[in-house]
A.B. asks: 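This structure is in structure tokens; I'll ask about it shortly.
Side-chain atoms are counted along with the backbone in the values below, which use heavy atoms only and exclude waters and symmetry mates. Letters go in sequence order (proteins before strands), and every chain restarts at 1. All of these numbers come straight from a predicted model, not from anything done at the bench.
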There are 2 protein chains.
Amino acid sequence: MDNRGGFDLRRVLLFRGLNGCDLTALLAKARQEAAVRGSTFFNECDDALHCRLLVAGRIKLVQTSTDGNQVVTRFVAPGEMFGWAQVLGASVYPGSAEAMVDSVALTWDAASMRSALAAHPVLALNALELLGARLREAQDRLREVATERVERRVARALLRLARQSARPTGEGVEIGFPVTRQDLAETTGATLHTVSRILAAWEHSGILAGSRQRIVLLHPGRLETLAEDGG
Amino acid sequence: MDNRGGFDLRRVLLFRGLNGCDLTALLAKARQEAAVRGSTFFNECDDALHCRLLVAGRIKLVQTSTDGNQVVTRFVAPGEMFGWAQVLGASVYPGSAEAMVDSVALTWDAASMRSALAAHPVLALNALELLGARLREAQDRLREVATERVERRVARALLRLARQSARPTGEGVEIGFPVTRQDLAETTGATLHTVSRILAAWEHSGILAGSRQRIVLLHPGRLETLAEDGG
DNA sequence: TCCCGTCTTTGCGCCAACGCAAATAACAGA
DNA sequence: TCTGTTATTTGCGTTGGCGCAAAGACGGGA
């Protein structure tokens, strides 16, 4: 079985239930692609010809509006698929995929992934479930940004990031990849100034510790309270 | 071929490419379900046991947050599927489905729809495309509510509604089903007061005409300008 | 080691939009 | 026709968070 970059491809949710032979055949059709920190796998409005699976690193999907404002659509962790626009009925990518750290992805032609989905129903059903989860998350975030205060949204964003990528440290739980205040602002629909102020306040009250592109949650429970009860 | 309620089921995007026999067999497994205006097909947090296709009428999918705020996730037109949470990997519905006018849906057991998706790859690929479109719309709205002013968001919402359900009248284009100011507020992440003020202003400048649960776009072009250029 | 680019913090003024309140207006059912 | 319920409009005070501005920090590369 393939095991590139120390990552067990059998654990990928998209491949769950796919038998070993079929998986090997599918992997044989993929090629590897790397992006160093700060570069992109593809840009918004590029023709969507491929689909990808992140093997190592971390990327963010960013949409830019006509007036220059940016929104982070999603942070992608290893094992997650991204850039599937073509298979999902779009001809161009709706956002850019920027590597937050040096990253590696497996890349398929959209056409061969389409035929794989058609040939292996379990793949298609997995894809539907994963896409459903993404849709639910997008709708949750929509509800949050439409009805909740910035502070609460930032709390939720931090908890989401910690859930996706928690790195335990002596003092608490660290977000496992570099996140700027700007990134947080672009996920929550706020300005980096407001985010900075909120984090500073939380640092004062001992909820977290922050430094350059680094955030350690010292008291996730209190963040949960802020996120849920609105305390 | 089946043709319930004057609606051509062969035109449903989900069924595109499915052969007649298979379609008939699939339809045979569905049962009809009706909901009068104001009632719901299902409620948020109900066990998601079925999946549905709207045949006639119009429904809105509504999420309620813990503090009572509501958000309209989507307006569903005839021919569109809704309530697929189970197939999409959720055990309960993430929102309620309320009939805005008397409505009729076809309902399948989630399990039989799952096996249909597995048996007919074209169905699964169609579902992926439709779901992809919904995801893109959710992400677009997320970007809008995170970065744009209320006025522009309302303009966009009206144009979306008109695109989904335009009824031409002598004077202009009418939204084809009853929409309250509250509904508009809940799709745009604003208050009904702000929406009312904005519509009043537009009525003054001749862009649209509004009355109780009714909106006629007299000048869609000027709305487009408001939505795009921020004029 | 120094320098320069990137990231972060903090202050201050302002305004878009909310929250509250109260007066219509329109429809549905008795 | 009357009455109760649901929608809509409009006023007014408040404020959360933005926009602008400027001054630190941190860290990587030469």
A.B. asks: For B/Arg74 and B/Glu80, what are the C-alpha separation, side-chain angles and deciding distance, and is it a salt bridge (Lys or Arg N to Asp or Glu O under 4.0 Å)?
C.D. replies: CA-CA 11 Å; B/Arg74 186 163 70 111; B/Glu80 294 179 9; 3.3 Å; yes
A.B. asks: How is A/Leu199 classified with respect to the nucleic acid when contacts are heavy atoms under 4.0 Å: base, sugar-phosphate, or nothing?
C.D. replies: nothing
A.B. asks: Walk me through whether B/Glu33 and B/Thr107 qualify under side-chain hydrogen bond (donor to acceptor under 3.5 Å, both in side chains).
C.D. replies: CA-CA 7 Å; B/Glu33 196 178 359; B/Thr107 303; 2.5 Å; yes
A.B. asks: Please round to the nearest 0.5 Å and tell me the distance separating atom OG1 of A/Thr187 and atom CZ of A/Phe75.
C.D. replies: 5.0 Å
A.B. asks: Please state how far atom CG in B/Leu192 lies from atom P in C/dA22, giving the value in whole angstrom units.
C.D. replies: 17 Å
A.B. asks: Rounded to the nearest 0.5 Å, how far apart are OG of A/Ser91 and CG of A/Asp46?
C.D. replies: 11.5 Å
A.B. asks: How many whole angstroms separate atom CD of B/Glu186 from atom P of D/dT8?
C.D. replies: 12 Å
A.B. asks: Closer than 4.0 Å, any side-chain N/O of A/Arg181 to the OP1 or OP2 of C/dC7?
C.D. replies: no
A.B. asks: With side chain to side chain contact (heavy atoms under 4.5 Å, CB included) as the test, would you mind laying out the steps for A/Leu226 and A/Val154 before giving the verdict?
C.D. replies: CA-CA 10 Å; A/Leu226 285 166; A/Val154 175; over 6 Å; no
A.B. asks: Extract the stems that DNA chain D is part of, considering only consecutive pairing runs of at least three Watson-Crick or G-U wobble pairs, both distances under 3.5 Å.
C.D. replies: C:1-30 with D:1-30
A.B. asks: For B/Thr64 and B/Gln70, which heavy atoms make the closest approach, and how far apart are they?
C.D. replies: OG1-NE2, 3.1 Å
A.B. asks: How long is the line joining CD of B/Gln182 and P of D/dT5, in whole Å?
C.D. replies: 19 Å
A.B. asks: Anything under 3.5 Å between a protein N or O and an N or O of nucleotides 25-27 of chain D, put it in a table, one pair a line.
C.D. replies:
residue: D/dC26; atom: O2; partner: A/Arg212; partner atom: NH2; Å: 3.4

A.B. asks: Nearest whole angstrom, please: distance from the C1' of C/dA25 to the CD of B/Glu203.
C.D. replies: 14 Å
A.B. asks: Check whether A/Asp183 reaches the backbone of A/Thr180 with its side chain - one donor and one acceptor, N or O, closer than 3.5 Å.
C.D. replies: yes
A.B. asks: For a quick check of understanding: with a heavy-atom distance under 4.0 Å over all strands, which category does A/Thr180 fall into, base, sugar-phosphate or nothing?
C.D. replies: sugar-phosphate
A.B. asks: Can you give one letter per nucleotide of nucleotides 15-24 of chain D, going 5' to 3': B for a protein heavy atom under 4.0 Å from the base, S for sugar-phosphate only, - for none?
C.D. replies: -SSSBBB---
A.B. asks: I'd like to know if the side chain of A/Ser103 reaches the main chain of A/Arg58, judged simply by a donor and an acceptor atom lying under 3.5 Å from each other, with no hydrogens or angles considered.
C.D. replies: yes
A.B. asks: Once you round it to whole Å, what is the distance between P of D/dT6 and CD of B/Gln213?
C.D. replies: 12 Å
A.B. asks: State which residue, out of B/Val12, B/Leu53, B/Val55, B/Leu54, fulfils the side chain to side chain contact (heavy atoms under 4.5 Å, CB included) condition with B/Pro78.
C.D. replies: B/Leu54
A.B. asks: Parallel, tilted or perpendicular: which one describes the rings of A/Phe82 and A/Phe41, with boundaries at 30° and 60°?
C.D. replies: perpendicular
A.B. asks: To the nearest Å, give me how far apart CG (A/Asp183) and P (C/dC7) are.
C.D. replies: 9 Å
A.B. asks: Please lay out, stage by stage, how A/Glu144 and A/Arg160 fare under the test salt bridge (Lys or Arg N to Asp or Glu O under 4.0 Å).
C.D. replies: CA-CA 13 Å; A/Glu144 289 163 20; A/Arg160 267 194 200 109; 2.8 Å; yes
